[in-house]
Amino acid sequence: MSKDKKLVEAITSMDEDFARWYTDIVKKADLVEYASVKGCMIVRPYGYAIWELIQNELDRRFKETGHENVYMPMFIPESLLQKEKDHVEGFAPEVAWVTHGGSEKLAERLCVRPTSETLFCDHYKDIVQSYRDLPKLYNQWCSVVRWEKTTRPFLRSVEFLWQEGHTVHATADEAQEETIRMLNVYASFCEEILAIPVIKGQKTEKEKFAGAKATYTIESLMHDGKALQTGTSHNFGDGFAKAFGIQYLDKDNKLKYAHQTSWGMSTRLIGAIIMVHGDDSGLVLPPKVAPVQVIIVPVQQNVEGVLEKAYELKERLSKICRVKIDDSDKMPGWKFAEYEMRGVPLRLEIGPKDIQKDQVVLVKRENREKLFVPMDELETKVPEVLDEIQASLYNKALNLRNSRTFKATTIEEMENILDDTQGFIKAMWCGDAECEKEVKDRTAATARCIPFEQEKISDKCVCCGKEAKEIVYWGRAY
RNA sequence: CGGGGUGUAGCGCAGCUGGUAGCGCGCUUGGUUCGGGACCAAGAAGCCGGAGGUUCGAGUCCUCUCACUCCGACCA
């Protein structure tokens, strides 16, 4: 049938071309439009609504753990950016500069923040004097700019939305505790809300954040077997404090350097949702981040009583979930396809036949399973089904990751696996950066993380064969 | 930063060896429809990415430029 053909034409299939499938979804689900500046995106209402749900949930969790929101300027004077050596070197290549105000050339050029460490540090040095001032647990919601050469909506754009937490502590232990605490907040958020399973671990020296003492990460696996760094949490030790002069007078009347952390998650999470849960019919949203959880599609809405009934159901459901009705004069079939593309978890069909039988038809987005539900059981059944979907999506993602996680004891084995497929490869490592580099050069896979959950699959380093220190997750990454 | 691709109506495209622009979808109005992307009728809509050149005449040929996009090296 020509109708079917049209449907498949709308979105490129994942297997055929994953990258195109991704951009098709982003556009067809109306998440993003390309902007007039290369690499920038217009986040459309539907995409932004997902971001707001993410934001609300994260913000709640930040506040629960004692953090306060602040807002820093968007510009950083060049001299300030340069105070911490590793940090500038890390970010310099992708910084955008403001050189003029109006027609006047500025005495000192200003960088558009790529991240706000230096701004926070500069502020902290002013507000921290005593151990009594500590800790300071701040977070900021904002956008940052990184002049990327290769860009993709949500995954890597020149400007993106994110949150950056910045904290100052009296001791190294407290900073370390905070770093791990927030990594755990991220991990549980991903698993509970986004239904994305993550691997928690530490970044290698090579992969860690510019200026950090240690970087921790949560890594997740996309549908094409590539890894995505979903969130990071950094322990700065007292490196930034020394560069910026953040000192406090301790109980023992001695002047000490403070210890800091920072942690961030971005709109990249939306990319992760797409690439973990999406399918060839479009986006699939976990109910907890779905702007619309139930879409009501009236069938034969011109028949007397149908629309009235549909509105009544909407009234009832709006008390327990995010529900919308599409009463436009489009064909029901068109609406089915449209809301599948947009990833709405649950569709409710209501037509003359249902009214006669005093029931509604529920259809799950994830597998098109149809449920016939008596009208008066709606309030109990809908939340139940939404929960089921949330859990099912998580399990599917977990199964996918497990089936795409391999073990290797030699670099040849890694090469063979990666020639064949994509995924996480667990392999032992001696800790030498040379070996890390060689693995990367030969397999194009990078060390994603040194997982907290260690296991021993061999005594020897996958690369040099010398004594191995730890197991590492390797993979090609976004 | 290297390699490829594309710029013509809101979107997707056609437009041959040069003669001032067309198709599909969408949009507007009216009507009939409605359980997997309906149909009829009547409309609205284009500085052919930009600049230069060749020509009586340029979406069409030549030169330059700009933008976007995809694939590789660096990054949330």
Side-chain angles (χ1 to χ4, degrees), chain A residues 1-12 17-20 22-24 27-28 30 33-41 89-95 114-115 143-164 186 203 206-210 215 217-219 228-234 262-272 281-282 297-303 306-307 326-341 347-355 360-361 363 368 370 372 440-441 444 446 476-478:
Chain A
M1 219 160 77
S2 69
K3 284 171 187 169
D4 285 352
K5 200 173 157 225
K6 214 173 186 181
L7 245 171
V8 274
E9 270 170 4
I11 297 173
T12 310
D17 186 340
F18 195 80
R20 258 187 67 190
Y22 178 82
T23 37
D24 280 354
K27 295 200 76 175
K28 293 266 158 57
D30 202 17
E33 275 298 314
Y34 290 109
S36 52
V37 177
K38 174 185 158 61
C40 290
M41 52 181 177
E89 281 175 12
F91 281 99
E94 49 188 20
V95 158
T115 178
S143 76
V144 288
V145 168
R146 298 180 188 178
W147 219 259
E148 301 284 354
K149 287 149 197 159
T150 307
T151 57
R152 299 182 70 189
F154 296 124
L155 296 175
R156 190 181 302 117
S157 49
V158 163
E159 181 188 14
F160 58 94
L161 299 170
W162 79 341
Q163 65 57 224
E164 44 180 328
Y186 284 167
K203 285 288 186 190
K206 186 173 174 299
E207 298 284 331
K208 77 176 187 188
F209 181 81
T215 290
T217 178
I218 48 174
E219 297 283 327
L228 186 78
Q229 177 176 306
T230 314
T232 47
S233 185
H234 317 287
S262 87
W263 25 275
M265 282 223 251
S266 71
T267 36
R268 176 178 262 195
L269 291 173
I270 298 174
S281 304
V297 178
V299 176
Q300 292 191 47
Q301 61 186 37
N302 60 331
V303 171
V306 170
L307 268 181
D326 187 340
D327 56 2
S328 70
D329 59 4
K330 297 252 169 48
M331 302 298 290
W334 188 92
K335 294 177 188 175
F336 297 167
E338 178 67 14
Y339 294 100
E340 278 173 15
M341 204 143 67
R347 174 173 82 234
L348 188 158
E349 299 174 21
I350 175 85
K353 279 190 252 170
D354 305 304
I355 292 174
V360 300
V361 182
V363 184
R368 291 200 177 122
K370 269 191 185 181
F372 299 89
K440 191 186 168 185
D441 290 345
T446 49
R476 294 187 186 152
Y478 276 99

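Throughout, protein chains are lettered first and strands after them, A, B, ... in sequence-line order, and every chain is numbered starting at 1. For the numbers below, each heavy atom of this structure counts, side chains included, while hydrogens, waters and symmetry mates do not.
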So what does [X] hit on the nucleic acid, given a heavy-atom distance under 4.0 Å: a base, only sugar-phosphate, or nothing?
X: A/Lys353; result: base
X: A/Thr23; result: sugar-phosphate
X: A/Thr151; result: sugar-phosphate
X: A/Val303; result: nothing
X: A/Arg476; result: nothing

| field | 5′-ward residue of the pair A/His234/A/Phe336 relative to RNA chain B | value |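 Checking each residue's closest nucleotide, the 5'-ward one belongs to A/Phe336.
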| task | Let me have a per-nucleotide readout for nucleotides 7-13 of chain B, 5' to 3', with B, S or -, counting only protein heavy atoms under 4.0 Å. | result | -------
| Is B/rG59 syn or is it anti, if syn means the base angle is within 90 degrees of 0? |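 Syn, which is what one calls it when the glycosidic angle falls within 90° of 0.
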| field | Glycosidic class, syn or anti, of B/rU60 using a 90° window around 0 | value |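 Chi for B/rU60 falls in the anti range.
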Nearest-Å distance once atom [atom1] is located in both [N] and [M]:
N: B/rA58; M: B/rG52; atom1: P; value: 13 Å
N: B/rC68; M: B/rA45; atom1: P; value: 31 Å
N: B/rG72; M: B/rG19; atom1: P; value: 41 Å

| Presence of A/Gln301 side-chain N/O under 4.0 Å of B/rC34 phosphate oxygens OP1/OP2 |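 No, outside the criterion.
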| said: Looking at B/rC74, I'd like to know if its phosphate oxygens (OP1 or OP2) sit under 4.0 Å from a side-chain N or O belonging to A/Lys440. | reply: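 Result: yes.
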| task | Dot-bracket for RNA chain B, please, read 5' to 3', with Watson-Crick or G-U wobble pairs under 3.5 Å on both distances, ( ) within the strand, [ ] crossing, | other strand, . unpaired. | result | (((((((..((((.....[..)))).((((((.....)))))).....(((((..]....))))))))))))....
| task | Take the protein atom CE of A/Met331 and the nucleotide atom C1' of B/rG37, then report the distance between them rounded to whole Å. | result |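 Checked: the CE to C1' distance equals 9 Å.
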